[in-house]
Amino acid sequence: MSNVTYQVLPGGTLSGSVRVPGDKSISHRAVMLASLADGISEVRGFLTGEDCLCTMKAFRAMGVRIDQLAPTHLRVHGVGLHGLREPPHALDLGNSGTSMRLMTGLLVAQSFPTTLVGDESLSRRPMRRIVEPLLQMGARIETTPRNTAPLRILPAAGLKGIRYRSPVASAQVKSGILLAGLYAEGHTEVLEPEASRDHTERMLRAFGAEVEAEPGRAALQGGQKLRAADIDVPADVSSAAFFLVGAAIVPGAELLLTDVGINPTRTGVIEILRRMGAHIELRNPRHFGGEPVADLYVRGGALHGIEIGHELVAAAIDEFPALFVAAACARGETVVTGAAELRVKESDRIQAMCDGLQALGVSALARPDGARISGGRLLGGTVDSEGDHRIAMSFAIAGLRAEQPIRILDCANVNTSFPGFAELAAGAGLGLRVQE
Ligand code: S3P
């Protein structure tokens with residue numbers, strides 16, 4: 001698994017029209033809510049990345065029939081809020097923090113015990129942030145002494161709604177609490193320091209639930225049922241981000257990314273790239289169900305460094321690895337602050353990106369909550385993705401501006417979020433070869 005290496009040759013470009021795979025966040029939620037709904041739901045554009053497949057397998061293990069009519073087309077036979085069955089084994093959620101934190105929220109309300117496990121990276125990630133509010137609601141959860149997975153979830157006598165002020169802006173935490181809140185007595189409310197992505201709130205509504213939602217706050221009343229709904233998943237803006245940055249840093253490149261989700265809680269990458277001087281147009285805006293989408297046209301040119309403060313972080317949280325590459329190609333300095341969350345993602349993304357950029361000859365200084373990157377020449381060399389899909393894809397894109405080849409180690413996990421990345425990128429003009 002860990003021996004996939006990317007080799008990127010200099011001199012590539014990006015052009016044409018690209019449709020990246022379905023949104024990861026929305027695909028997870030579609031399987032979860034469709035499973036808990038009454039009736040049959042269809043999901044189109046489902047992301048067949050390993051993270052979402054872990055969610056699908058977990059629900060199948062709990063007795064939900066999910067037919068894969070085509071790789072990205074699911075028919076989910078919902079069992080209702082109380083229809084899940086005890087799985088015959090621990091649920092292995094692989095690399096997927098979203099699966100673990102959201103599922104913990106809904107599993108604390110079940111009448112059977114479950115054990116959630118993950119890979120080495122997921123087993124290091126902080127779970128206290130979701131466990132703590134759920135315990136306040138009356139849940140019973142056992143963790144390791146370091147508040148990490150495996151999580152052992154035990155049936156509880158009854159959950160009570162809470163008003164929870166989350167110390168972190170995290171859609172995973174917010175969503176886990178809201179899912180528990182569906183089963184709780186009374187009202188459940190989550191307040192956040194910055195607005196995190198609101199896909200759960202939008203999709204709960206699509207499944208017939210009443211949800212109060214505004215930036216930084218979400219609430220619902222317990223005891224509501226979900227009704228089956230059909231979901232069309234937009235292309236993932238977080239996957240599109242690699243192509244947006246890739247085209248933006250190559251003068252003369254021109255690319256169209258189709259059907260991309262442009263939910264305002266996710267479009268920080270577009271805002272930040274525009275502030276750096278990138279030319280990005282939103283064409284043909286429309287809706288896929290409750291989610292806004294558009295085709296994104298990007299034209300390469302000169303970028304300049306900027307200051308990126310905490311107010312821009314939540315809406316671009318997964319795009320910082322790619323944005324660090326944009327900063328390395330920009331004129332002047334880019335300073336990122338208020339982004340300490342990057343240290344507890346699939347890898348420590350601040351450290352992994354700064355180490356990799358330095359290996360390519362870029363001045364990149366890691367700070368506790370961000371980095372200071374001086375744009376300039378990218379030479380070439382070997383970087384370690386640390387098994388993090390987004391670090392691997394970011395350095396692949398860096399190859400567009402490097403003077404020498406870049407070797408990227410440990411790239412197998414690209415499949416967690418972006419199956420087919422190498423083929424799609426090579427087809428658009430990146431000089432990328434995969435070595436197994
Ligand atoms: C996600 C939320 C984000 C993001 C992750 C997906 C989600 O995490 O980094 O890739 O689907 O809710 P946090 O909510 O923990 O910031």
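Atom set for the values below is all heavy atoms of this structure, side chains included, hydrogens, waters and symmetry mates excluded. A quick note: this is a predicted structure, and the numbers were derived from the prediction, not measured. Both counts, for ligands and for their atoms, begin at 1 and track the order of listing.
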Only pairs under 3.5 Å count here: list side-chain donor-acceptor contacts from residues 214-225, not counting sequence neighbours, and write none if there are none.
{"from": "E214", "atom 1": "OE1", "to": "R217", "atom 2": "NH1", "distance (Å)": "3.1"}
{"from": "R217", "atom 1": "NE", "to": "E189", "atom 2": "OE2", "distance (Å)": "2.7"}
{"from": "R217", "atom 1": "NH2", "to": "E212", "atom 2": "OE1", "distance (Å)": "2.6"}
{"from": "Q224", "atom 1": "OE1", "to": "E210", "atom 2": "N", "distance (Å)": "2.6"}
{"from": "Q224", "atom 1": "NE2", "to": "E210", "atom 2": "O", "distance (Å)": "3.0"}
{"from": "Q224", "atom 1": "NE2", "to": "Q221", "atom 2": "O", "distance (Å)": "3.0"}

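One distance of note links CG of D369 with CZ of R343; it measures 8.5 Å at 0.5 Å rounding.
With a 4.0 Å cut-off on non-hydrogen atoms, H199 does not touch ligand 1 at all.
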Step-by-step side chain to side chain contact (heavy atoms under 4.5 Å, CB included) determination, R275 to L312: CA-CA 11 Å; R275 288 194 193 186; L312 285 171; 3.5 Å; yes
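Put simply, part of K345 is less than 4.0 Å from ligand 1, judged by heavy atoms. At least one heavy atom of R29 sits closer than 4.0 Å to an atom of ligand 1. Assignment of K24 to the shell around ligand 1 is supported, since a heavy atom sits closer than 4.0 Å.
Of all protein heavy atoms, the one lying nearest to atom 15 (O) of ligand 1 is S170 OG, 3.0 Å. Here the protein heavy atom with the shortest distance to atom 14 (O) of ligand 1 is A171 N, 2.7 Å.
Residue contacts with ligand 1: Q172 is placed with a nitrogen or oxygen under 3.5 Å of a nitrogen or oxygen of the ligand (distance criterion only).
Note on R197 versus D23: no salt bridge recorded, every NZ/NE/NH1/NH2 to OD/OE distance being 4.0 Å or above.
Sorted pairs that involve residues 107-138 and meet ring-ring contact (aromatic ring centres under 6.0 Å, His included), not counting sequence neighbours, are lacking altogether.
Contact atoms of ligand 1 toward T98: 1 (C), 6 (C), 7 (C), 11 (O) (distance under 4.0 Å to a heavy atom of the residue). Of all the atoms in ligand 1, the ones that sit under 4.0 Å from a non-hydrogen atom of S25 are 1 (C), 6 (C), 7 (C), 11 (O). Ligand-side atoms of ligand 1 in range of D318: 4 (C), 5 (C), 9 (O), 10 (O), range being under 4.0 angstrom from any heavy atom.
Side chain of Q358 to main chain of A364: a donor-acceptor pair is present (N/O by atom type, distance under 3.5 Å, no hydrogens or angles). Side chain of S175 to main chain of A171: a donor-acceptor pair is present (N/O by atom type, distance under 3.5 Å, no hydrogens or angles).
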